[in-house]
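Bear in mind that the values here come from a model prediction, so they are computed numbers and not experimental data. Every number for a ligand or one of its atoms is a count from 1 in the order of the listing.
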Amino acid sequence: MALPSILVLISGNGSNLQALIDNCNSGKIPGKIIHVISSSSKAYGLERASQAGIPTMTHELKTYYRGIPKENKDARDEARAKFNKDLVNIIIGKLKPDVIVCAGWMLILSSDFLKPLHQAKIPIINLHPALPGQFEGTNAIERSWKAGQDGLVDKGGCMVHYVIEEVDKGTPLIVKEIDVKKESLEEWEARIHALEHEAIVEGTIEVLKQLNAK
Ligand SMILES: Nc1nc2c(c(=O)[nH]1)N[C@@H](CN(C=O)c1ccc(C(=O)N[C@@H](CCC(=O)O)C(=O)O)cc1)CN2
Ligand SMILES: NCC(=O)N[C@@H]1O[C@H](COP(=O)([O-])[O-])[C@@H](O)[C@H]1O
């Protein structure tokens, strides 16, 4: 019986993608990464995927914005809508994964992207370097570190959650916590990243389990 197929979306270094690759190869994740899509052609994660023999493609928003002045908000919104529609059409029409994992995908996905996936019953999950209800959006690691050092929070961590339109508000699958202590941003970041590399594997195993249960 064929293993469930996993599509991974990235934008950067790909250390979480590497954790997925290693754990699919070891059999810990009962799935096969069939493709990696990056929102940046400069992402080192593309190199990681190629070295693992996984097909890759880039889907860059700047390509859609080309020739549209920043001030032309309507035209850029239209271009971004096409970016989302083209991406979901490639995924549903061509790649046909069983699940999608956002592993450092740094773009907000619109309803044009999410609704067709919901209709196609393809779950999508995301790794976020903060706890549920905390520090949604970008730069969460730095923001949570500062809040901890300022005594505003006593815990941090990361979560893997279902992706819904409201950013980082989807139902959590995995939540991993660490206690705040007096430390540099670099030390905090290293602790969070170590936690992420476990969470992304556990979250992918869990979404596959829930998929099988349906
Ligand atoms: N509809 C959703 N899209 C995405 C989600 C989600 O939960 N719902 N999770 C994100 C990942 N993410 C945090 O975990 C995240 C990534 C990026 C942004 C963001 O504001 N991006 C800006 C561009 C920022 C930049 O270029 O530096 C944007 O998209 O305009 C917020 C949250 C994946 N998508
Ligand atoms: N809001 C989304 C977000 O901040 N995602 C973060 O991007 C990094 C990707 O690292 P990687 O490219 O080495 O896997 C990870 O820290 C992940 O939590």
Side-chain angles (χ1 to χ4, degrees), residues 7-23 33 36-49 52 56 58-65 70 73 76-77 79-81 83-85 87-88 91 100-118 122-145 156-176 178 185-186 188-204 207:
L7 167 64
V8 184
L9 305 184
I10 64 167
S11 297
N13 175 34
S15 68
N16 288 283
L17 166 65
Q18 191 63 58
L20 293 173
I21 291 169
D22 296 344
N23 284 275
I33 300 172
V36 170
I37 298 177
S38 175
S39 66
S40 167
S41 57
K42 297 185 176 64
Y44 183 66
L46 290 167
E47 178 59 27
R48 294 178 190 268
T56 65
T58 58
H59 192 71
E60 294 188 290
L61 186 53
K62 69 180 183 183
T63 311
Y64 286 77
Y65 282 164
K70 274 197 176 0
K73 192 179 172 326
R76 284 171 79 94
D77 287 351
R80 184 147 187 175
F83 169 89
N84 277 281
K85 285 174 188 166
L87 182 56
V88 78
I91 291 171
I100 301 171
V101 182
C102 295
W105 173 262
M106 297 307 288
L107 291 174
I108 295 173
L109 296 160
S110 70
S111 58
D112 286 332
F113 179 89
L114 295 171
K115 281 192 178 135
L117 283 183
H118 184 69
I122 299 173
I124 175 168
I125 64 175
N126 175 62
L127 169 68
H128 183 60
L131 297 178
Q134 275 192 355
F135 310 107
E136 291 87 1
T138 53
N139 302 318
I141 293 177
E142 185 170 350
R143 289 153 61 205
S144 60
W145 170 76
C158 67
M159 65 167 168
V160 175
H161 62 93
Y162 281 107
V163 172
I164 61 174
E165 251 188 278
E166 208 183 349
V167 174
D168 299 332
K169 292 286 191 187
T171 306
L173 283 149
I174 302 289
V175 179
K176 287 185 174 289
I178 51 173
L185 170 57
E186 290 68 29
W188 175 255
E189 187 152 19
R191 288 206 288 151
I192 298 272
H193 283 325
L195 225 45
E196 288 187 305
H197 297 154
E198 297 169 8
I200 190 109
V201 172
E202 293 171 21
T204 303
V207 71

Give the numbers and elements of all ligand 1 atoms closer than 4.0 Å to a heavy atom of [X].
| X | value |
| --- | --- |
| Leu114 | 1 (N) |
| Glu165 | 1 (N), 2 (C), 8 (N) |
| Val163 | 2 (C), 6 (C), 8 (N) |

Hey, is [X] touching ligand 1 through its side chain, its backbone, both or neither, going by heavy atoms under 4.0 Å?
| X | value |
| --- | --- |
| Ile164 | backbone |
| Met159 | neither |
| Val167 | both |

message: Could you check whether atom CD of Glu142 has more than 12 heavy atoms from other residues, nucleotides or ligands sitting under 6.0 Å from it?
response: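 Atom CD in Glu142 is not packed in, count stays at 12 or less.
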
- prompt: Short list, please: which atoms of ligand 2 are under 4.0 Å from a heavy atom of His193?
  reply: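 Taking each heavy atom of His193 in turn, ligand 2 has 16 (O) under 4.0 Å.
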
message: Give the atom numbers and elements of ligand 2 that come within less than 4.0 Å of a heavy atom of His128.
response: 1 (N)

Nearest 0.5 Å, please: how far is [atom2] in [Y] from [atom1] in [X]?
| X | Y | atom1 | atom2 | value |
| --- | --- | --- | --- | --- |
| Glu47 | Thr56 | CD | OG1 | 9.5 Å |
| Ser11 | Leu61 | OG | CG | 10.5 Å |
| Cys158 | His197 | SG | NE2 | 9.5 Å |
| Ile141 | Ile192 | CD1 | CD1 | 6.0 Å |
| Leu195 | Met159 | CG | CE | 13.0 Å |

Which residue owns the protein heavy atom closest to [atom], what's the atom, and how far is it?
| atom | answer |
| --- | --- |
| atom 34 (N) of ligand 1 | Leu107 O, 2.8 Å |
| atom 13 (O) of ligand 2 | Ser15 OG, 2.6 Å |
| atom 8 (C) of ligand 2 | Gly104 CA, 4.3 Å |
| atom 27 (O) of ligand 1 | Thr138 CG2, 4.7 Å |
| atom 22 (C) of ligand 1 | Met106 O, 4.1 Å |
| atom 1 (N) of ligand 1 | Leu109 O, 2.8 Å |

Please check if the side chain of [X] supplies one atom and the backbone of [Y] the other of a donor-acceptor pair under 3.5 Å.
| X | Y | result |
| --- | --- | --- |
| His128 | Lys169 | no |
| Arg143 | Gln134 | no |
| Asn23 | Val201 | no |

Options [options], ranked by nearest heavy atom to [atom], top entry:
| atom | options | answer |
| --- | --- | --- |
| atom 16 (O) of ligand 2 | Met159, Glu196, His197, Glu136 | Glu196 |
| atom 4 (O) of ligand 2 | Ala130, Gly45, Ala19, Pro129 | Pro129 |
| atom 1 (N) of ligand 2 | Gly137, Ser11, Ser38, Cys158 | Gly137 |
| atom 12 (O) of ligand 2 | Gly14, Ala199, Ala140 | Gly14 |

- prompt: Is there at least one pair of N or O atoms, one from Asn16 and one from ligand 2, spaced under 3.5 Å apart?
  reply: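 Yes, at least one N or O pair falls under 3.5 Å.
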
task: Would you please name every residue forming a side chain to side chain contact (heavy atoms under 4.5 Å, CB included) with Ile108, sequence neighbours left out?
output: Arg80, Val167

query: Who are the side chain to side chain contact (heavy atoms under 4.5 Å, CB included) partners of Glu60, not counting sequence neighbours?
result: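 If we apply the side chain to side chain contact (heavy atoms under 4.5 Å, CB included) test to Glu60, skipping adjacent residues, the hits are Ser40, Ser41, Thr58, Lys62, Thr63.
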
query: With a 4.0 Å cut-off on heavy atoms, is Met106 touching ligand 2?
result: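 It does; at least one heavy atom falls under 4.0 Å.
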
Nitrogen or oxygen of [X] less than 3.5 angstrom from that of ligand 1:
| X | result |
| --- | --- |
| Asp168 | yes |
| Cys102 | no |
| Lys169 | no |
| Arg80 | yes |
| Ile108 | yes |

Would a 4.5 Å heavy-atom cut-off, applied to side chains only, mark [X] and [Y] as touching?
| X | Y | answer |
| --- | --- | --- |
| Leu7 | Ile122 | no |
| Ile91 | Ile37 | yes |
| Val88 | Asp112 | no |
| Trp105 | Asn126 | no |

message: If you compare all heavy atoms of Leu173 against all heavy atoms of Gly203, which two are closest, and at what distance to 0.1 Å?
response: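 Looking at all heavy atoms of both residues, the shortest contact is CD1-O, 4.3 Å.
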
Whether [X] lies under 4.0 Å from ligand 1, heavy atom:
| X | value |
| --- | --- |
| Leu9 | no |
| Gly170 | no |
| His161 | yes |

